[in-house]
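Comments concern the structure below.
In what follows, every chain begins at residue 1, and chains take the letters A, B, ... in the order their sequences are listed.
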Protein chains: 2
Amino acid sequence: MSVADRKAREKEALKNLILKGAKKLFIEKGIEQTTIRNIADEIDYSIGTVYVYFKDKNAILHDLHSIGFQELGGYFQELFSVEDPMERLRKMGFMYIKFALENSEMYDLMFNLKAPMEFLENSDNENWDEGVTTFSLVKKTVEECINKGHFKGHNVEPLSFMVWSLVHGMCCLEIRQRTKGVKFTNPDTILFDGYNEYLKIIEKL
Amino acid sequence: MSVADRKAREKEALKNLILKGAKKLFIEKGIEQTTIRNIADEIDYSIGTVYVYFKDKNAILHDLHSIGFQELGGYFQELFSVEDPMERLRKMGFMYIKFALENSEMYDLMFNLKAPMEFLENSDNENWDEGVTTFSLVKKTVEECINKGHFKGHNVEPLSFMVWSLVHGMCCLEIRQRTKGVKFTNPDTILFDGYNEYLKIIEKL
DNA sequence: TAAAAAAATGAACGTTGTTCAAAAAAAATA
DNA sequence: TATTTTTTTTGAACAACGTTCATTTTTTTA
């Protein structure tokens with residue numbers, strides 16, 4: 001182990017410390033309400049140090065958005081043991097909503113905030129790898145459903161997009177306070193009630 | 001016509017001038033990129049004047065969000081002449097998407113940004129009247145569909161929410177650059193392709 | 001132990017939303 | 001019309017933000 005190796009490890013460790021501190025504050029008080037000064041304070045480093053390890057705030061947000069996708073991957077873990085693609089598709093949507101509700105700030109960052117996409121636009125690798133990978137999971141499952149005789153007359157990609165939009169739309173309206181606004185009869189269960197309507201529909205397809 | 005009347009008219013006029021200037025800049029360069037100073041400059045008034053007519057930036061955003069709903073109402077106008085509720089439901093979703101794509105910054109303000117909801121929380125009338133009214137339009141149409149024998153075994157409110165979420169989700173993913181990220185086969189038509197999959201589905205219900 | 005390299009710092013800059021005492025303009029009063 | 005009162009407008013000033021970078025501190029090398 002050379003000194004250079006150790007230095008590299010220490011750099012990595014501090015970078016993770018910054019991300020960990022940032023995530024804690026984001027969850028505690030919201031992303032918009034968290035400043036670079038807050039993050040520096042949280043981990044007992046100066047503002048300048050944060051900027052040594054991250055180009056700007058967008059870079060922090062992008063890295064945290066990637067961590068969010070890892071966490072969503074954790075939620076999706078149990079799906080791989082589900083053989084029946086229709087059952088898997090149903091559960092995938094359910095887990096997606098569950099993740100969004102239990103990690104709303106992270107979800108917002110992953111699927112709503114402009115920061116991660118702006119970071120990508122100004123980076124070498126313009127591809128949204130996390131999004132592509134996650135969406136291909138939906139596409140693959142929908143494709144298997146079609147191969148099993150479901151969704152006759154439908155196209156894989158647009159249908160997958162429709163499914164994604166459906167769950168994303170519900171989560172988005174909830175997180176951005178629009179469901180609260182329209183005062184549903186059962187506000188606490190409206191997301192799962194709405195999702196159930198979708199389940200009833202695809203049952204017949 | 002008393003002096004007080006004229007003063008009231010002038011106040012109203014200047015308020016509208018501020019909103020008009022704000023909207024112009026929002027559309028031109030985005031809401032986040034527009035500052036109060038920009039707005040004041042645009043209409044040749046000082047920063048202070050803007051704060052005489054609006055409590056804060058959220059108040060401007062909320063008023064503009066209301067104007068957005070009026071404009072969405074314009075898009076929905078032609079729906080009232082559609083007798084068949086199923087046909088009306090189909091067209092409503094289409095017009096919704098059309099509005100979102102043609103007025104993306106206003107759509108974002110109406111259905112995504114936190115500002116209008118934060119303004120409501122700090123105001124006397126906490127109700128999101130615009131959202132309630134618009135959503136009841138969907139509910140009413142879905143109810144008519146059910147009365148005509150469609151959507152057997154479904155519940156009006158959750159089903160309406162599902163439909164809203166579906167179109168909102170697509171618009172949201174598009175506006176917030178997530179569709180761009182996943183690189184669809186036909187990026188330019190994916191929203192309407194996705195919506196078509198939904199149309200195919202409800203056709204059978 | 002001294003010199004060189006790396007890491008951490010925080011004052012300072014330009015912007016932001018917002019405030020408010022002062023100035024300017026308009027209306028009311030004499 | 002001249003003067004006082006009221007209303008409207010102003011922009012300097014404030015605190016807080018993201019960001020930069022010359023300087024200081026710490027670590028490594030010689």
Side-chain angles (χ1 to χ4, degrees), chain A residues 1-19 21-22 25-26 28-64 109 113-116 118-119 121-123, chain B residues 1-19 21-22 25-26 28-64 109 113-116 118-119 121-123:
Chain A
M1 287 290 182
S2 71
V3 172
D5 284 347
R6 200 198 70 226
K7 290 255 174 182
R9 276 203 313 279
E10 284 174 356
K11 272 185 105 167
E12 180 77 8
L14 185 42
K15 211 171 175 184
N16 286 332
L17 186 68
I18 293 168
L19 288 173
L25 293 175
F26 286 174
E28 262 176 35
K29 47 188 258 176
I31 292 173
E32 279 182 349
Q33 280 67 46
T34 302
T35 69
I36 304 287
R37 281 168 182 81
N38 292 154
I39 298 170
D41 267 12
E42 172 73 24
I43 58 171
D44 295 322
Y45 275 90
S46 71
I47 308 153
T49 304
V50 175
Y51 279 92
V52 171
Y53 291 84
F54 292 94
K55 198 185 127 283
D56 54 22
K57 204 182 182 184
N58 275 359
I60 300 178
L61 290 172
H62 174 266
D63 275 17
L64 230 38
L109 176 58
L113 293 199
K114 288 172 181 169
E118 278 171 4
F119 175 85
E121 278 169 21
N122 303 326
S123 84
Chain B
M1 286 289 183
S2 71
V3 173
D5 284 345
R6 200 198 69 226
K7 290 256 174 182
R9 275 202 315 277
E10 282 173 358
K11 272 186 105 167
E12 180 78 6
L14 186 41
K15 210 170 176 183
N16 285 333
L17 185 69
I18 293 168
L19 289 173
L25 294 174
F26 286 174
E28 260 176 36
K29 47 188 257 174
I31 291 173
E32 279 182 348
Q33 281 67 46
T34 303
T35 70
I36 303 288
R37 281 168 182 80
N38 293 153
I39 298 170
D41 267 12
E42 173 72 25
I43 59 170
D44 297 320
Y45 274 89
S46 71
I47 309 152
T49 304
V50 175
Y51 279 92
V52 170
Y53 291 85
F54 291 94
K55 198 185 125 283
D56 53 24
K57 205 182 182 185
N58 275 1
I60 300 177
L61 290 171
H62 174 267
D63 275 18
L64 230 39
L109 175 59
L113 294 198
K114 288 172 180 169
E118 279 171 3
F119 176 85
E121 279 170 21
N122 304 325
S123 83

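- Comparing D44(B) and T34(A) against DNA chain D, the residue whose closest nucleotide sits nearer the 5' end is D44(B).
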From CA spacing to verdict: side-chain contact (heavy atoms from CB on, under 4.5 Å), I43(B), T49(B): CA-CA 11 Å; I43(B) 59 170; T49(B) 304; over 6 Å; no
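- Side-chain proximity of S46(A) to dT10(D), dA8(C), dT16(C): nearest is dA8(C).
- Nearest to the side-chain atoms of R6(B) among the listed nucleotides dT9(D), dA27(C), dT18(C) stands dA27(C).
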K29(A)/N38(A) under side-chain hydrogen bond (donor to acceptor under 3.5 Å, both in side chains): CA gap, chis, key distance, verdict: CA-CA 11 Å; K29(A) 47 188 258 176; N38(A) 292 154; 3.1 Å; yes
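- Between D41(B) atom CG and dT15(C) atom P there is a gap of 13 Å when expressed in whole angstrom units.
- Proximity note for Y51(A) (side chain, C-beta onward) versus dT19(D), dT9(D), dG10(C): the nearest is dT19(D).
- Looking at the side chain of T49(A), the nearest of the listed nucleotides dG17(C), dT9(D), dA8(C) is dA8(C).
- With rounding to whole Å, I47(A) atom CD1 is found 9 Å from dA11(C) atom C1'.
- To the nearest 0.5 Å, the span separating CD1 on I39(B) from CD on E42(B) amounts to 9.5 Å.
- Which of dT19(D), dT10(D), dT7(D) sits closest to the side chain of V52(B) comes down to dT10(D).
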Criterion side-chain hydrogen bond (donor to acceptor under 3.5 Å, both in side chains) on K114(B) and N58(B), from CA distance to verdict: CA-CA 9 Å; K114(B) 288 172 180 169; N58(B) 275 1; over 6 Å; no
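- Judged by closest nucleotide on DNA chain C, K55(B) is the one of A4(B) and K55(B) placed further toward the 5' end.
- If you check every strand for non-hydrogen atoms under 4.0 Å, I39(A) touches nothing.
- I31(B) has its CD1 atom 16 Å from the C1' atom of dG17(C), to the nearest Å.
- Residue-level contact check: L14(B) touches the backbone only, with heavy atoms under 4.0 Å from sugar-phosphate atoms and none from bases.
- Counting to the nearest Å, the P atom of dA16(D) and the CG atom of N38(A) are 11 Å from each other.
- Rounded to whole Å, atom P of dT16(C) lies 17 Å from atom CG of D56(B).
- Within 4.0 Å of Y53(B), counting heavy atoms only, lie sugar-phosphate atoms of the nucleic acid but no base atom.
- As rounded to whole Å, 11 Å separates atom P of dT19(D) from atom CZ of R37(A).
- A straight line from CD of E32(A) to P of dC17(D) spans 13 Å, rounded to a whole angstrom.
- Remark: Y53(A) OH to E12(A) CD distance equals 11.0 Å, nearest 0.5 Å.
- As rounded to whole Å, 8 Å separates atom P of dT19(D) from atom NZ of K57(A).
- The side chain of K11(A) sits closest to dA7(C) out of dT18(C), dA26(C), dA7(C).
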